[in-house]
Structure formats: structure tokens, C-alpha cells
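Residue numbers begin at 1 in each chain, while the letters A, B, ... track the order of the sequences. Only heavy atoms go into these numbers, but all of them, side chains included; no hydrogens, no water, no symmetry mates.
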Protein chains: 2
Amino acid sequence: MSKPLTKNQILVLDTLKAAPKPQTAYSLLEQLKEHGLKAPPQIYRALEKLLTLGLIHKLESINSFVACQHSDCAHQIAGFAICDGCDQVSEIIDDNLESQIRSVAKTAGLVPKKSTMEIHGLCRSCKGSEA
Amino acid sequence: MSKPLTKNQILVLDTLKAAPKPQTAYSLLEQLKEHGLKAPPQIYRALEKLLTLGLIHKLESINSFVACQHSDCAHQIAGFAICDGCDQVSEIIDDNLESQIRSVAKTAGLVPKKSTMEIHGLCRSCKGSEA
DNA sequence: CCCAAAGTGTTATAATATAACGTAAACAGT
DNA sequence: ACTGTTTACGTTATATTATAACACTTTGGG
């Protein structure tokens, strides 16, 4: 019995799903002004909710948000490969990643709750077209 | 033959080394006002340089900076375990982490350049004293 | 029906980061 | 030493990202 998303949450989620690359809160706001949204908190609230639902992810290293690329990955642990050339992002689910995270956490004596892994570089296409 | 650090770079680095937990740029500025620093760019410039030298790390998920905990961090690849209770951070060098990152990057077809892994949770001490 | 929880719209402001300008110091090559 | 180049400096102003606070509305359970 999960509650349906609200209008603003749907607007934000749909915009992220349709976007070819990560969006900042303010770029979302810009796009959603035609739908009546006017102020940052409206965006940030929707984003926060979508994050807790696991429907989107925040890329901390670029202050941007992406729709989850896996239908229901609410609690999976993902890595993100970010191309600095074209901003394309791949969300990678790797079986070893979770155990890797547990290993690092254990070394530090930390009970892990939330984690991010973000890899920056150049995708094949951008690598090929370097100056 | 590495160039010596400049005055501002040393001030920022020393402050980070002495700090018990990650510092934001503005908290560094606050502390360094007594040494004559006055404006954000002075801090951000020093931070940027120290980052490229591998002497400090940025924790993207909390917009904060820490001194590298390993004498000569040629290790551009580290994992960070961050306690949300007391803000203590452990920098973990794990041999598997680099190969893990390469693996994720390869899956995405990305040539990796820079990466971050940040794990949030509670350290033993904070876990024990939960309400 | 009533209450509590969650969401809304709004204004204002906090926190983080960079642009742009002119000057000065460091340094390599002649 | 002189030049040009690179790097750093100090400064003012501004851009970008994110939240506080308030009053109101919607939602859904008991």
C-alpha cells in the first residue's frame, strides 16, 4: 500500500526521467515553471521525497539528480560513472560493490547506512574526440 | 623537485591537519581571519591547489575538506567512512577498492580519472549511545 | 467527524562557490 | 639582468545551491 506520488513529485520525477542527463534543482525549477512551480522549496521537497523512495539518486559530486535507471532499486547500492565530457551518467549495479562497501565500513568500524560512489572520467565517445 | 607551498596553502593545510573533523571552506575562512585571510577565493584557491597535490580530500557529500590521512597520498583512490553522529572520518585505503572502481568504470565504458566513495553511518561509539 | 501527518505555496535568507579585475611574486630562457 | 609566462595574490561582486519559517490545504486513519 504505497501512497501515490503527489503532483509536484510526479512533475519532478517525470522531468528527471525524460532528461538525458543529470539535472540540478534549479534547472528542474526552470523547466517546471510552465507547470506552475515557482520556488526552490517546491523542488527540494519533491526531490527529498523521491530520494527516500529510492526513485531518484543524488550525484553529490555535481549537485545534480538523476532518475533511478533500475525499475525498483530502492535499496540497492549503485555506483555512478559520470562522463565529464558529455555529462552522461551510467548507474552501475555491481554485486561486488556492496561487499566492497561493507568491507570499507567494517575497517572503519562503521555501521553503514547510506553510501555514494561516483567515478568521473571520459566515455568512449568523448575520449575519442579529445582535442 | 616539488614547489614549496605558499603561505595561504600552508595555513589552510595546517588548519585541516589540526582539525578533528572535516571543515567547510567557510569554517576555514573563519579560523584564518586572524591570520589575515578575508575572502572566500583565498580559501578556495588554496583548497584547489591542495586537492590537486593530493594533500587533502573533498568530501562531496558534506561539502567539506579533510587532510589526507596517509602521509603521501599518491592514493587518489580512497574510501571515506563518515560518522553522522560525531562527524569523524576515516580514510580507508583498500587494495580492492581501486579494482572495484575500474570494474564499475569498465562496465560503463568510462576511462576513470577521479572518483569518490563516501559511506555514511554510525561509528561504534555513536551507535552505542543511540537514544 | 476529528485529528495528525504530509504536502502546498510563499517570502526571505543561509550556505557554498566562482567570475572578474588588477597587482605581485616566481621562474625559465635568452 | 631583461623579458615573457605562469602562478599566486587581494578584493569586490555575484552566481549557485539549499533551507528556515509561516500560514494554509489535503489526505487518510480511527
Participant: Do A:Ile119 and B:Leu59 belong together in a cluster built from hydrophobic side chains that touch within less than 4.5 Å?
Facilitator: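 No, A:Ile119 and B:Leu59 fall in different hydrophobic clusters.
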
Participant: Can you tell me how far P of C:dT16 sits from CG of B:Leu28, to the nearest Å?
Facilitator: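 In whole Å, C:dT16 P and B:Leu28 CG are 11 Å from each other.
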
Participant: For the residue pair B:Phe80 and B:His57, is the inter-centroid distance of their aromatic rings smaller than 6.0 Å?
Facilitator: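 Here the rings of B:His57 and B:Phe80 have centres that are less than 6.0 Å from each other.
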
Participant: When you group the ILVMFWY residues by side-chain heavy-atom contacts below 4.5 Å and let the links chain together, are B:Leu51 and B:Leu11 in the same group?
Facilitator: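 Yes, it is one cluster - the side chains of B:Leu11 and B:Leu51 are joined through contacts under 4.5 Å.
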
Participant: Calculate the interatomic distance between B:Leu47 atom CG and C:dA17 atom P; express it in whole Å.
Facilitator: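 Roughly 9 Å, once rounded to whole Å.
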
Participant: Taking all heavy atoms of A:Leu97 and all of A:Gly79, pick out the closest pair and write down the distance.
Facilitator: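 Closest approach of A:Leu97 to A:Gly79, heavy atoms only: CD2-N, 3.5 Å.
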
Participant: Which heavy atom of A:Leu47 sits nearest to which heavy atom of A:Leu28, and what is that distance?
Facilitator: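 What the structure gives for the nearest pair is CD2-CD1, 3.9 Å.
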
Participant: To the nearest Å, give me how far apart CD1 (A:Ile43) and P (C:dT10) are.
Facilitator: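 It is 13 Å, rounded to the nearest whole Å.
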
Participant: Indicate for each nucleotide in nucleotides 9-21 of chain D, in 5' to 3' sequence, whether protein heavy atoms under 4.0 Å reach the base (B), only the sugar-phosphate (S), or nothing (-).
Facilitator: BBBB----BBBBB

Participant: Without swapping roles, check the side chain of A:Gln69 against the backbone of A:Val89 for a donor-acceptor pair under 3.5 Å.
Facilitator: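 Looks like yes, one N/O pair under 3.5 Å.
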
Participant: Based on the rotation axes of five pairs at each end, what angle does the helix from C:dC1-D:dG30 to C:dT30-D:dA1 bend through, to 10°?
Facilitator: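 Answer for the end axes of this duplex: 50°.
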
Participant: Strictly distance-based, threshold 3.5 Å: is any side-chain N or O of B:Glu98 a donor or acceptor partner for the main-chain N or O of B:Ile77?
Facilitator: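 The answer is no, because no donor-acceptor pair under 3.5 Å joins these two groups.
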
Participant: To the nearest Å, give me how far apart CD (B:Glu48) and C1' (C:dT16) are.
Facilitator: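 It works out to 15 Å between those atoms.
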
Participant: With sequence neighbours left out, what residues match A:Lys21 under side chain to side chain contact (heavy atoms under 4.5 Å, CB included)?
Facilitator: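 Result, side chain to side chain contact (heavy atoms under 4.5 Å, CB included) vs A:Lys21: A:Gln23, A:Asp87.
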
Participant: Find the distance B:Leu59:CG to C:dA17:P and express it as a whole number of Å.
Facilitator: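 For the pair B:Leu59 CG and C:dA17 P, the rounded distance is 12 Å.
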
